[in-house]
Amino acid sequence: MEMYRSHVMICRGTGCTSSNSEQIAKNFEEEIKKHGLEKEVVVERTGCFGLCALGPVVIIYPEASFYSMVKPEDVEEIVKEHLVKGRIVKRLLYAESVEENRLKALEEVDFFKKQVRVALRNCGIINPENIDEYIAFDGYKALEKVLTKMTPAEVIDTVKRSGLRGRGGAGFPTGMKWEFASKSVNDQKYVLCNADEGDPGAFMDRSVLEGDPHSILEAMTIAGYAIGASQGYIYCRAEYPIAVKRLGIAIGQARLYGLLGDNIMGTGFKFDIELRLGAGAFVCGEETALIASVEGQRGMPRPRPPFPANKGLFAKPTILNNVETYANIPVIFNKGPEWFASMGTEKSKGTKVFALGGKISNTGLVEIPMGTSLREVIYEIGGGCPNGKKFKAVQTGGPSGGCIPEEHLDSPIDYESLAALGSIIGSGGMIVMDEDNCMVDIARFFMDFIVDESCGKCTPCREGTKRMLEILERITEGKGEEGDLDKLESLAKNIKNAALCGLGQTAPNPVLSTIRYFRDEYEAHIKDKKCPAGVCKELLDYFIIADKCKGCGICAKNCPQQCISGQPKTPYTIDSSKCIKCGVCMQKCPFKAIIRK
Amino acid sequence: MKTIQELEEIRKKTLDTINIRKDRSGTRIVVGMATCGIAAGARPVLLTIMDEIKKHDLSDVVVAQTGCIGMCRLEPIVEVYKPGEEKVTYVKVNPSKAIRIVNEHIMKGKVVEGYTIGAESK
C-alpha cells in the first residue's frame, strides 16, 4: 500500500450512503485528481462513525477534522482549502468539535468522550473492503494466537473468564454456550452468526457488518476451533444490502489469504463460512427459527430442549451468537479476558452498543461500558430531547423490551437492572420519547408489530397478541372500557407463561411496562376519553380560541373538509362532527388561535 | 495462503500507512501551504519530504499542511513537532534542505540549526 500524507475517510454505512455519500466520495476523487494530489491524498470508504444524525460524515486525517452534513457541492471547497492549502473549512466542521477556534480531538467531543469502542473499534477507521487494513489494526492476530498457542479448552476458558454475555437480547454467558457445544460429541458441528437484526430502531449489528466484517469472520473461526466445527453460516437479513456485499467481499479475501479454508495459516485447522440471507421475518432472529430457516425450511421456532448446543442445525451440535457478541471476541484474546472483565458491572462485563433513536439530538450508535446510567447516555452523549421538549420515557429492547420513565434514569445499564425495571437490554435499541408521545399509542405500535411478526405456530402468541392489540386499539379510539387494563394484564401474564419462543414470551413487555409507569395515561384514555399527549386522533378535538382569532379565514380556506365557517374579521368556528383531525388549520393559523385537546 | 510471517509483514506495512488515523504520538512535519507558501515553492518541498519518508521507511511520522502563519517572506516554512520537544521552525526551505531536515532532524534527532528561523533572523 502506498504512503499518503492525508486520508479522507468517507462514511459509506447505510445512513450516510442514503444521504449521498457515494457521490461525495466520487467528487473527492475527481477534485483530488484535478489538483494533482492523487499521490498524496487517499480517499477511503469506511463504515459507520456512529453520529448518523450528522451524516454524511467525512473525517480527514492527520488533522482528524470532523466534517458533518457534507454535500457533494462542498467537496470542491474542502479539497481546495483543506487539502491544497491546509486550511480547514470551519463552516463545515461538526460544531461540537471546535472550541475557541481550536480543533478538538475526536475523543474530546461530548458524543465520543464517554464512549469505549470495543465492538465498534474499527468502524469508521478502516476500509472494510480491504483485509490488509483490518490486519493492520491487530486483525487475525487473535486467531493466530488461538490456533498456534491455545487448546480449545483454553479458548473456552478465556471466553468464560471475560464474562462476555450474549449481545442479542437474552444475555446468556457466551463461554458456557461454547462449552456445551464443545462437550457434545459428533462428527459435524456448526457455528452460526445471527445477523438477522430485526428490532425496530436497532442497527448496531448492521454497522459492525458494514464497517468491520472481518472481525465476525475471525471470531467465528475462533468459535469453530473452540467447539470443533468446520463450517459456519452467517444468517444476514436481505434488507442489509451493503452488509451482505461487504461480507461477501470479506469472505472472498479471507479465503484468498488462507484465513478460511482447509489449512488456515498453515496450522491444518479447517473452517469455512457461508452466507445465508433471511427473507425479512422477525421471528427468524429466534435461534430455533433461524436454524430452520438456514436449513431451508419455514422459519418457525420449536420447543427447547433439545438445545442447539446438542441438536441444532441439521440436528448437529451448533452454537449461535449475535454479531456484536462475535465482534468482542478477537479483542478479548488480544487484550486478555481480565481487561474485558475490568469494564462493566459485577454480572455484566464489557461494553454494549446502543442505537439511539427517536426524540434525541444525536441519533446514532454509541458504545459504552456496562453500568453507565441511562441519564448519561441520553443527556451527556445523546444530547437530550431536541426543541426543548420534556423527556418522558426511553424504550429499550424493542418489541421485547419496555419503557423506562424519568424517575429511573439513574439506573445503571446492565442486564439485571433493566430487567428489574420491566425492560431488557435486548439487542440495544434505545428509543427516546418526549412529552408529545402517547404511551398507549407506543404500546399499540409495538403490539401491532408483534401481531404482524408472530409466526402463528403457538396459540398464546398468535391469538393472545391479537386480542391485546384489539383492546389497545379500542382504548386509543376512545372505546376503552372499565376492566380493560385487568384484561390486558391477565392476557399478558398468560402469553408470557405459555408462548413457545422468546418472541411471544416477551411480546407483552411494552404493554406491561407502560401500564406500570403510565397507568394514569391509560386511565385518561379509558375514563376521560382524552389523550394527554395529543396523539390519538379519535380523542382529540380542534378548537378556535375566539379571543385570539382575527377572522382572517386562512384556516377555512385550507380545511379539506370545509368544516370551518365564519365571517371575515369575526372569530371562526370548527364543526367537530365533520372534522377529520388532519391538523392543517392549526399549522396554517398565523395567530396560533387553534388548539387541540 | 499467507503464512503467519507474511501476515505479520502485511500488518506492519499497512499499519505504517494507516496509523495516522489512530496514533497521534509520533513526529509531525507541518508544511505551510497557503498561497504564499505555494508561490514560494512549498509543494516540491512537501513532495520531497514524503519521498524521503517513503524511501527510509519511516513510520510514526505524519506530514500535514497548515495555512499562512504570517511570515510570508520566510516561506516555504516547515515546522517539526517531536513528542516532548520544542517545536522547530525551518524557513526558506527548498527540496535539498528538506532532504537534510528529514535525514538529520527526523532520523537522527539533530536539528539543522542553519535552516531554522533563529538562524535566519541573526
Side-chain angles (χ1 to χ4, degrees), chain A residues 1-7 9 35-37 39-42 44 46 59-64 81-88 105-107 121-122 124-127 130-141 143-145 147-148 254-259 261-267, chain B residues 1-39 42-43 46-69 76-79 81:
Chain A
M1 205 176 139
E2 277 300 304
M3 163 105 189
Y4 297 95
R5 69 170 163 87
S6 185
H7 295 221
M9 313 299 288
H35 289 89
L37 300 175
K39 288 222 163 69
E40 301 163 44
V41 181
V42 65
E44 295 283 12
T46 73
I59 297 186
I60 298 186
Y61 291 100
E63 296 87 355
E81 287 293 307
H82 187 150
L83 296 175
V84 177
K85 295 183 183 164
R87 284 199 292 237
I88 290 168
L106 285 184
E107 305 82 56
R121 63 193 175 280
N122 285 328
I125 297 177
I126 63 166
N127 173 352
N130 183 347
I131 186 171
D132 289 356
E133 294 200 0
Y134 177 69
I135 291 173
F137 291 133
D138 292 339
Y140 291 105
K141 219 175 175 173
L143 180 63
E144 180 197 314
K145 187 173 170 187
L147 292 184
T148 57
R255 283 184 186 148
L256 199 69
Y257 274 25
L259 297 166
D262 281 341
N263 184 14
I264 295 174
M265 295 183 185
T267 59
Chain B
M1 195 200 76
K2 303 275 182 210
T3 63
I4 291 169
Q5 287 76 19
E6 283 168 326
L7 287 173
E8 193 51 50
E9 276 159 32
I10 293 172
R11 181 169 297 129
K12 203 187 155 300
K13 223 175 108 214
T14 316
L15 188 62
D16 280 352
T17 64
I18 67 173
N19 208 21
I20 66 166
R21 298 174 203 165
K22 268 196 177 167
D23 188 25
R24 308 227 192 300
S25 60
T27 303
R28 287 167 60 84
I29 307 177
V30 181
V31 183
M33 292 282 276
T35 309
C36 51
I38 294 172
R43 177 152 296 284
L46 177 90
L47 294 176
T48 309
I49 292 173
M50 285 179 61
D51 280 346
E52 283 300 300
I53 289 172
K54 241 179 266 180
K55 206 166 84 191
H56 299 292
D57 203 14
L58 303 179
S59 50
D60 269 20
V61 179
V62 163
V63 183
Q65 297 170 292
T66 189
C68 176
I69 59 169
I77 295 175
V78 174
E79 295 169 318
Y81 296 82

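Here is how names work: the chains are called A, B, and so on, in the same order as the sequence lines, proteins then strands, and each is numbered from 1.
Neither the backbone nor the side chain of A/I59 comes within contact range of chain B, judged by heavy atoms closer than 4.5 Å. Looking at A/N122, the atoms closer than 4.5 Å to chain B (heavy atoms on both sides) all sit in the side chain, from C-beta outward. Only the side chain of A/L37 has a heavy atom closer than 4.5 Å to any heavy atom of chain B. Contact annotation for B/V30: neither backbone nor side-chain heavy atoms come within less than 4.5 Å of a heavy atom of chain A. For a residue to count as touching a neighbouring chain, one of its non-hydrogen atoms must lie under 4.5 Å from one of that chain's; by this rule B/L46 touches chain A with the side chain only. Both the backbone and the side chain of A/E40 come within contact range of chain B, judged by heavy atoms closer than 4.5 Å.
If you tally non-hydrogen atom pairs under 4.5 Å between each of A/L256, A/L147, A/L83 and chain B, the highest count goes to A/L83. Heavy-atom pairs under 4.5 Å with chain A were tallied for B/I53, B/D16, B/L47; the largest tally goes to B/L47.
With respect to B/R21 and A/E133, a salt bridge is recorded, a charged nitrogen being found less than 4.0 Å from a carboxylate O. Using a 4.0 Å cut-off between charged nitrogen and carboxylate oxygen, A/K141 and B/E8 do not count as a salt-bridge pair.
Shown here is A/K39, whose NZ atom has no more than 12 heavy atoms of other residues, nucleotides or ligands within 6.0 Å.
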*For side-chain contact (heavy atoms from CB on, under 4.5 Å), just list the numbers for A/F137 and B/I18, CA-CA rounded to whole Å, side-chain angles, deciding distance to a tenth of an Å, and then say yes or no.*
CA-CA 9 Å; A/F137 291 133; B/I18 67 173; 3.5 Å; yes

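Taking CD from B/E9 and CG from A/D132, the interatomic distance works out to 12.0 Å, rounded to the nearest 0.5 Å. Interatomic distance, CD1 of B/I4 versus OG1 of A/T267, reported as 7.0 Å (0.5 Å rounding).
Counting all heavy atoms, side chain and backbone alike, A/Y61 lies closest to B/I20 at CD2-O, 3.6 Å. Pairing each heavy atom of A/M265 with each of B/L7, the nearest pair is CE-CD1, 3.8 Å. Counting all heavy atoms, side chain and backbone alike, A/G139 lies closest to B/R11 at O-NH2, 2.6 Å.
Looking only at side-chain heavy atoms (C-beta outward), A/V84 and B/I38 come within less than 4.5 Å of each other.
With 3.5 Å as the limit, one finds a donor-acceptor pair spanning the side chains of A/R5 and B/Q65.
When atom types are taken as modelled, the side chain of A/H7 and the backbone of B/T17 share a donor-acceptor pair closer than 3.5 angstrom.
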